[in-house]
Amino acid sequence: MPGVIQRLKQFASSPQGRRTIEQVRRTAADPRRRAQAQRLFGKLRARRSASGM
């Protein structure tokens, strides 16, 4: 779908997109947020393996 990719590129290069990307980078660098994300992914992984997938 080139339309979706193109819109994502436009958003990423816009001022709002740059702000969003910077905010995500800062959040990802925060050790507490990183641990929170790892716990969430661990729960999802456990749920997925328990369902037999």
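The analysis underlying the following values was restricted to heavy atoms, covering all of them including side chains, and did not include hydrogens, waters or symmetry mates. Worth saying up front: this structure is predicted, and the values here are computed from it rather than measured. We count residues from 1, following the sequence as given.
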(message) Under a plain distance cut-off of 3.5 Å, with no hydrogens placed, do Gln23 and Arg26 share a side-chain donor-acceptor pair?
(response) no
(message) Can you tell me if Arg18 has over 12 outside heavy atoms packed within less than 6.0 Å of its CZ?
(response) yes
Give, for atom [atom1] of [X] and atom [atom2] of [Y], the distance between the pair rounded to the nearest 0.5 Å.
X: Gln16; Y: Ile21; atom1: CD; atom2: CD1; answer: 11.0 Å
X: Thr27; Y: Arg25; atom1: OG1; atom2: CZ; answer: 12.0 Å
X: Gln6; Y: Phe11; atom1: CD; atom2: CZ; answer: 14.5 Å

(request) Find out whether Arg48 and Arg45 are in side-chain contact, i.e. whether some heavy atom of one side chain is under 4.5 Å from a heavy atom of the other. (result) no
(message) Taking side-chain contact (heavy atoms from CB on, under 4.5 Å) as the criterion, tell me which of Arg33, Arg34, Gln38 meets it with Gln36.
(response) Arg33
